[in-house]
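See below for the structure under consideration.
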There are 4 protein chains.
Amino acid sequence: MQGASESARPAPVGRPRNSQIDEAVLCATIEVLEETGYHRFALEQVARRAGTTKPTIYRRWPTRQHLVLAALAGRLGQLPVPDTSCTICDLAECLSVFAAAFQRLPPDVLGSLLSDCADNPDLRAEFMNSLFDPPRRAVEQTLLRAIRRGDLRSDLDLDLTLDQLGSLVHYRALFRHAQTTDAEIERAVENMLCGIATDYPALVEHNRRLSAEAQAHAHHIDG
Amino acid sequence: MQGASESARPAPVGRPRNSQIDEAVLCATIEVLEETGYHRFALEQVARRAGTTKPTIYRRWPTRQHLVLAALAGRLGQLPVPDTSCTICDLAECLSVFAAAFQRLPPDVLGSLLSDCADNPDLRAEFMNSLFDPPRRAVEQTLLRAIRRGDLRSDLDLDLTLDQLGSLVHYRALFRHAQTTDAEIERAVENMLCGIATDYPALVEHNRRLSAEAQAHAHHIDG
Amino acid sequence: MQGASESARPAPVGRPRNSQIDEAVLCATIEVLEETGYHRFALEQVARRAGTTKPTIYRRWPTRQHLVLAALAGRLGQLPVPDTSCTICDLAECLSVFAAAFQRLPPDVLGSLLSDCADNPDLRAEFMNSLFDPPRRAVEQTLLRAIRRGDLRSDLDLDLTLDQLGSLVHYRALFRHAQTTDAEIERAVENMLCGIATDYPALVEHNRRLSAEAQAHAHHIDG
Amino acid sequence: MQGASESARPAPVGRPRNSQIDEAVLCATIEVLEETGYHRFALEQVARRAGTTKPTIYRRWPTRQHLVLAALAGRLGQLPVPDTSCTICDLAECLSVFAAAFQRLPPDVLGSLLSDCADNPDLRAEFMNSLFDPPRRAVEQTLLRAIRRGDLRSDLDLDLTLDQLGSLVHYRALFRHAQTTDAEIERAVENMLCGIATDYPALVEHNRRLSAEAQAHAHHIDG
DNA sequence: CGATAAGCGAGACGGTACGTCAAGTCTTATA
DNA sequence: TATAAGACTTGACGTACCGTCTCGCTTATCG
């Protein structure tokens, strides 16, 4: 029963929108973005390529940023979040899927777009919601499940850990300074889970002793 | 005899440049950047504020990007790399210094600038060299020292680890999604050094068993 | 059947141009020209004064020269060519009308504009067609009628005669070294029609004799 | 009595000017003018070609216009004014010499230069004095001699007649719409001396009659 | 079925900033 | 003190997109 729609949409009077245009424009947006980059990205080009015109585009997306955001979000789609009982696999899988998706993005887009959203809070929220959060949320859920399962320390700082894992997705997509293969992702997960120190307690002890000495030294000077 | 000319800089003939202008322009660049953001950043404004004109600016920096890069790099300056015998302190100190420096940068600049440098390899190299690499190199040296000292696993993947630590600097400067306090940096270093798993070997074992099962299952289906 | 549209103008698709802008710009052009002269003539001033912007002007006239040309040509308008049976009146009338029109032009425009058109043949042709030829053609037709009527010598060199009369229009407009009143025009026409010599045949005879002598002298020397 | 100052040149103290520079600059000016035309004429080009710099040029000629004027005037030099007892030869000779000289000038210079001088009276005077007057003065003297000799009508309007002859020099140099050969000059002189009408008195009579009729007609209407 | 309302292609419009060019002036070091 | 070199201020250039507007036309739904 669509009774729900009784109060719902504002009665579609007039000529209905041609939804093929939406698709054509989003598609053209991606193409132009890939060919010219975000700078030199001209809406007029998008319009021409999509076989339409600027006003028709502006009727659908209020700003260039909204358009690009929509196009990119569409491309990311609804990526699946794995849920096995294996913490290691789940993490690796999450990261792998998203890293692949982001590496397919045109290289200079993420940064520019983010900046262009900087002074409009709503837009920024939309950016975070559609491009930043999805991989983070997927990893977050995996981590929470692992904590509940007792696989991870319960006093975990989630945000922090998400950054340290997420850097493989966004950070590398932005700076493109290194490849992100599956092997690398596995190593990263390992790093994260078991640490990189050979003997952490020893390091802590050493650190504690130094601090004490430093303090004593300071006292000495003060006194 | 002007044997002095042996190192022979190109002989400063003609009216010398007024170095006060360099300073004034760099300074004005930062100001305008902070007030208007990178988009809306107009060279004419910079010129006016520095009490000079566009051609004079273009004589010094070939493009807007070069100018901004120079201004930001100048602001980062030569940050100190600590070197005590304590791996934990050194890492925390490095990250703290750089995180503070980057958090002082105008919010939307890093991303836009990066993108604007995308299609000019030289410019991009300069960006990486003056804004991306410094903190990474500092951390890298600290890590290498720690490996030599035997504090860290010798098979460490440096790039990967640098990302997982560097995310606190660049990644957060870019997305501004979370605070980066000293306490947080300490926690991050701890995460990195000792890992977040409660019992890593057990996780590995579990993972191995699942993989074996999956393979068996696959066989079963195939056969 | 669209047979009607066969002669049809190219179908005015898109938003039509605002013809008030054309007028305002042409008008502003004349004003700025008169106030600042052709040098110091700034398109930005014209735009501001016409209440519009540079791009809008460039959409209509491809170069500054085209614009100025159009403005001046418009001001000359379609000047009438008199046709009575009286050669004297017709000539005087022609010249008078055009001299008056050109004397109203801003003083430094004609020369500069002409020079600016020098290296673009099309532009130069347009200059000649709209500012140089009209008075000449008017006078030319008057002369041709007079020849047909038998009032003028049939072996007349038209171009030459046009220059000798036209100097009152263009030449004086350019150099502004002398007034051109109606009285003066009448005197000029008289000069042209009946000559300035008291006894032309005598002058010719004298000239012939001298030439002969000179030749003889030369012979004498040679021999 | 300024007798004292008669020897008194300004005391040649300091490094003397290198007069070769003057020549080189004037020469380079002509060359650049011929190659690029007056528009696109850049002082920096002149300086480079003359092996010197802008300030050195500005020390000698206060403006670009002064420089160009000097260069052109130098090229015209002191042209000779013929003086035989033959009015026809003298006129033709004068015009021929000057027409040749002006036709050698770069094509777009005269007009632009004239315009650029428009708003500076001194400069304009200098222009008139060095480029406009010389041929006119030569012709003027020839005409005056001819009047004294009784060859020309004594009530001659000199300015007017000078324009009608001078058009062959300046007017054609400006508009370049027609060749000026010696044959043409002879024809022009003939035109001027004996007129182009077949029967001038008849034309005058006709004109007088028409005027009378017109007046009568007007009376008729008025009354 | 014809009025109404929106969608649409086309392109004009007012803006803003761009990066470039040349003018004419100045400030050095050198001759 | 003139010169060579080149930095400097000034101001206009012509171009490129922006995001909005105004047309004439098409395509729906509603009265």
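Worth saying up front: this structure is predicted, and the values here are computed from it rather than measured. A note on names: the letters A, B, ... follow the listed sequences, proteins ahead of strands, and every chain is numbered from 1.
- Nearer to the 5' terminus of DNA chain F, by closest-nucleotide assignment, is the contact made by Pro55(B) (compared with the other of Pro62(A) and Pro55(B)).
- Distance Leu43(B) CG to dT9(F) P: 14 Å, rounded to the nearest Å.
- In terms of phosphate contacts, Thr56(A) brings no side-chain nitrogen or oxygen within less than 4.0 Å of OP1 or OP2 of dC8(E).
- Remark on DNA chain E: of its neighbouring residues Asp22(C) and Ala42(B), the 5'-side contact belongs to Asp22(C), judged by nearest-heavy-atom nucleotide.
- For the pair Gln65(B) and Gly14(C), both in contact range of DNA chain E, the more 5′-proximal nearest nucleotide belongs to Gly14(C).
- Rounded to whole Å, the distance from CD1 on Ile21(C) to P on dT22(F) is 12 Å.
- Among the heavy atoms of the strands lying under 4.0 Å from Thr52(C) are primed sugar atoms or P, OP1, OP2 only; no base atom is included.
- Comparing Arg64(C) and Arg64(A) by the nucleotide of DNA chain F whose heavy atom lies nearest to each, the residue mapping closer to the 5' end is Arg64(C).
- Residue Lys54(D) places no side-chain atom within donor-acceptor reach of the base of dG6(F), judged by atom type and a 3.5 Å distance cut-off alone.
- Residue Tyr38(A) contributes atom OH, which lies 10 Å from atom P of dC18(F) at whole-angstrom precision.
- For the salt bridge (Lys or Arg N to Asp or Glu O under 4.0 Å) test with Arg49(C), the passing option among Glu34(C), Glu44(C), Glu35(C) is Glu35(C); the others fail.
- Contact annotation for Thr63(A): no contact, since no heavy-atom pair falls under 4.0 Å across all strands.
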Practice task
Test Thr53(C) against Ile57(C) for side chain to side chain contact (heavy atoms under 4.5 Å, CB included), laying out the working first.
Solution key: CA-CA 7 Å; Thr53(C) 55; Ile57(C) 296 182; over 6 Å; no
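- dC13(F) atom P lies 11 Å from atom CZ of Arg48(C), rounded to whole Å.
- Relative to the side chain of Glu44(B), the nucleotides dG24(E), dA4(F), dC18(E) differ in distance, and dC18(E) lies closest.
- Nucleotide dA23(E) holds its C1' atom 17 Å from the NE2 atom of His39(D), rounded to whole Å.
- Remark: P of dT9(F) and OH of Tyr58(D) are 17 Å apart, rounded to the nearest angstrom.
- For Arg60(D) and dT3(F), the shortest distance from a side-chain N or O to OP1 or OP2 is below 4.0 Å.
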Handout entry: salt bridge (charged side-chain N to carboxylate O under 4.0 Å, His left out) between Asp22(B) and Arg17(B), worked out
Key = CA-CA 9 Å; Asp22(B) 296 60; Arg17(B) 288 208 179 147; 5.6 Å; no
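- At distances below 3.5 Å, at least one donor-acceptor pair connects side-chain atoms of Asp108(C) with backbone N or O atoms of Tyr38(C).
- We find that CZ of Phe41(C) is positioned 13 Å from C1' of dC13(F), with the value rounded to whole Å.
- The phosphate of dC8(F) (OP1 or OP2) has a side-chain N or O of Arg59(B) nearer than 4.0 angstrom.
- For the pair Arg17(C) and dG11(E), the criterion of a side-chain N or O lying under 4.0 Å from OP1 or OP2 is not met.
- In this structure, the side chain of Arg75(C) does not engage the main chain of Ala71(C) through any donor-acceptor pair within 3.5 Å.
- Within 6.0 Å of CZ on Arg60(A) lie more than 12 heavy atoms contributed by other residues, nucleotides or ligands.
- When rounded to the nearest whole Å, the span between CD1 of Ile57(C) and P of dG15(E) equals 13 Å.
- For Arg15(C) against dA12(E), a side-chain-to-base donor-acceptor contact under 3.5 Å is present.
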